[in-house]
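Following: one structure in structure tokens, then a few remarks.
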Amino acid sequence: MGISIFAASNNKDGLFVTNRHAEKDSHDSKNTKGGKSIFAGDFNAQNKNTIELKRKLAYKRAMKILNDTFASEQDIDNSIKGLKEQQEQLKQEALKDKKAAISVQDERAELMERYGVTEDSEEQKDLELLRKEFQPDTVLTDSEKERLAEIHKKGLTEYQKNMMELDGKEEVYRQRASQKESSANAISSSITDIELERLKTHPVADATREADEIMDAANKELIGGLWAEAKDNIDEKMEEAMEKAEKEAEEKEEEEKKEAERKKEKLELEKRIEEAKLSSSVAESTRPDTPVIKSDSTSFDTTEVHDIIQESSGNNSSASRAEKEIQKLVEELNLIMEDLKGAKVDMNV
């Protein structure tokens, strides 16, 4: 059972046909006895599209792996950058608080000068004892306790109150500076841990290698597909060339057979003409001037034969019939000669 394949032209998808083509092909297939119709596109083009699609998908997959890895690494870099910026800000604030604590020293000096208090004055010594009382883990003597009781009973002087406030202010600045320095140091430790952890793995290198492997596999498949396609094209062209050569050989053989038949027919006609001439020679034996038709001539003049017949019209009926037969054979022979000439021209083309 034969299979007819109809190409779906002007269709980029290859395996679809328009309704007009489908209707025409369906009508044609009905006229094919025992036939089965298959509608197909350009298989080579479809193969190219499939390979190209696989290559694009492989490229997309490889790029996704790289992009995801780079994005993850970029997130880590951004986190480290943010931590460093925060660390730097804390350091700057801690330095500012330290400077503020140092500036309290200048305020104390101004306060002592404004109130006229000296380092060896009793008011200053009582102030130092009050400061000692508020220090943690401080052991006071009995005499120091008695003096502190008298100071609290009498009450602090204005100078002592202001100085105690400056002490509290300085302590706040120093605590704030210490806390910010501690936070900055903690951030530094976190950054170090992150960088050490990154050294244990190689995400970018691993992703790059994986992407390369994907693309290498896709390229190998692409090359294999192109090689198979090229081989198919070569085989197809060789098959077409062989079919063409076989067809030309068959046509040449058929033409040679026809030419041989024409030559055979020509020889048979020439033989018949010779026989007809012999049969008519009896009637024309009394006419020595009668022209003779040469058998080896490539053409025969029917007018000349007609004149011969007219001149011999007075002879008996058997001679007249022979001459008519000769004229008929000559005409047939001329037709065959023309056919032979045409066949010779065709063979030379």
Side-chain angles (χ1 to χ4, degrees), residues 67-205 207:
N67 289 333
D68 291 346
T69 303
F70 289 147
S72 178
E73 290 298 301
Q74 188 64 42
D75 290 341
I76 295 174
D77 291 338
N78 291 335
S79 298
I80 292 175
K81 182 180 178 181
L83 289 174
K84 288 183 177 180
E85 290 175 352
Q86 185 179 358
Q87 181 186 34
E88 184 62 24
Q89 183 179 358
L90 289 171
K91 288 181 178 181
Q92 293 297 327
E93 291 178 359
L95 180 61
K96 184 179 180 180
D97 290 336
K98 286 181 178 181
K99 290 181 178 179
I102 293 173
S103 67
V104 174
Q105 300 292 337
D106 297 333
E107 292 182 31
R108 288 195 184 98
E110 292 175 0
L111 190 61
M112 288 178 68
E113 185 177 357
R114 183 167 14 116
Y115 284 97
V117 178
T118 59
E119 291 290 340
D120 57 353
S121 64
E122 185 178 355
E123 188 175 8
Q124 181 65 28
K125 290 180 180 179
D126 289 341
L127 177 62
E128 295 296 334
L129 185 59
L130 289 170
R131 288 172 173 169
K132 187 177 181 181
E133 181 185 13
F134 289 100
Q135 290 178 357
D137 302 328
T138 299
V139 179
L140 297 173
T141 62
D142 292 339
S143 59
E144 289 176 340
K145 292 178 181 179
E146 292 176 0
R147 181 57 186 168
L148 284 173
E150 292 177 0
I151 294 172
H152 288 297
K153 185 178 179 180
K154 184 174 58 173
L156 277 62
T157 64
E158 192 69 24
Y159 166 76
Q160 290 173 343
K161 291 179 180 179
N162 290 333
M163 291 296 284
M164 293 294 288
E165 289 180 0
L166 290 177
D167 290 346
K169 183 179 180 181
E170 180 182 6
E171 182 64 21
V172 170
Y173 283 134
R174 291 191 181 280
Q175 287 181 0
R176 286 170 57 180
S178 177
Q179 291 175 353
K180 291 174 181 178
E181 285 182 340
S182 297
S183 297
N185 291 333
I187 290 174
S188 180
S189 298
S190 297
I191 294 173
T192 301
D193 292 340
I194 292 173
E195 291 178 344
L196 289 174
E197 189 65 26
R198 292 180 76 178
L199 292 175
K200 296 178 181 179
T201 59
H202 310 87
V204 175

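Remember, it's a predicted structure, so these values are computed and weren't measured experimentally. We number each residue from 1, following the sequence as shown.
- Considering CD1 of I76 and CD of E195, their distance stands at 11.0 Å, rounded to 0.5 Å.
- Taking CG of D126 as the reference point, atom OG1 of T157 lies at 8.5 Å (rounded to 0.5 Å).
- Crowding of Q135 atom CD: a count of heavy atoms from other residues, nucleotides or ligands under 6.0 Å exceeding 12.
- Comment: E93 does not engage K96 in a salt bridge, judged by the lack of any side-chain N to carboxylate O separation of less than 4.0 angstrom.
- Considering CD1 of I151 and CD of E144, their distance stands at 10.0 Å, rounded to 0.5 Å.
- To the nearest 0.5 Å, the span separating CD on E73 from CG on D77 amounts to 6.5 Å.
- Of all heavy-atom pairs spanning I187 and L83, the tightest one is CG2-O, 3.3 Å.
- Closest approach of A184 to L90, counting heavy atoms only: N-CD1, 3.8 Å.
- Annotation: side chain of Q87 is in contact with side chain of I191 (closest heavy-atom distance under 4.5 Å).
- When all heavy atoms of V104 and L166 are compared, the pair lying nearest together is CG1-O, 3.4 Å.
- A salt bridge between E128 and R131 is present, with a side-chain N of the basic residue lying under 4.0 Å from a carboxylate O of the acidic one.
- Two residues are said to be in side-chain contact when any heavy atoms from C-beta on lie closer than 4.5 Å; Q89 and K180 fail this criterion.
- In terms of modelled atom types and a separation under 3.5 Å, the side chain of T192 and the main chain of S188 share a donor-acceptor contact.
- With contacts defined as side-chain heavy-atom distances shorter than 4.5 Å, the pair D167/R108 qualifies.
- Contact of the K125 side chain with the R147 side chain is not registered, since no non-hydrogen atoms from C-beta on lie closer than 4.5 Å.
- At least one side-chain heavy atom of I80 sits less than 4.5 Å from a side-chain heavy atom of R198.
- Between R114 and E158, no side-chain nitrogen of the basic residue sits less than 4.0 Å from a carboxylate oxygen of the acidic one, so the salt-bridge criterion is not met.
- A heavy-atom distance below 4.5 Å is not found between the side chains of V172 and K169.
- Between E150 and K154, no side-chain nitrogen of the basic residue sits less than 4.0 Å from a carboxylate oxygen of the acidic one, so the salt-bridge criterion is not met.
- Considering CZ of F134 and CD of E171, their distance stands at 13.0 Å, rounded to 0.5 Å.
- Although no hydrogens or angles enter the test, the distance criterion places no donor-acceptor pair under 3.5 Å between the side chain of S178 and the main chain of Q175.
- Scanning all heavy atoms of the two residues, the minimum distance from Q124 to T118 falls at CB-O, 3.2 Å.
- For the residue pair Q74 and N78, a side-chain donor N or O sits within less than 3.5 Å of a side-chain acceptor on the partner.
- For Q160 (side chain) and E123 (main-chain N/O), a donor-acceptor pair under 3.5 Å exists by modelled atom type.
- Of the inter-residue distances, the one linking D68 atom CG with S72 atom OG reads 8.5 Å to the nearest 0.5 angstrom.
- Taking the side chain as every heavy atom from C-beta outward, E107 and E170 never approach each other to under 4.5 Å.
- Residues L127 and M164 approach most closely at CD1-SD, 3.9 Å, considering heavy atoms.
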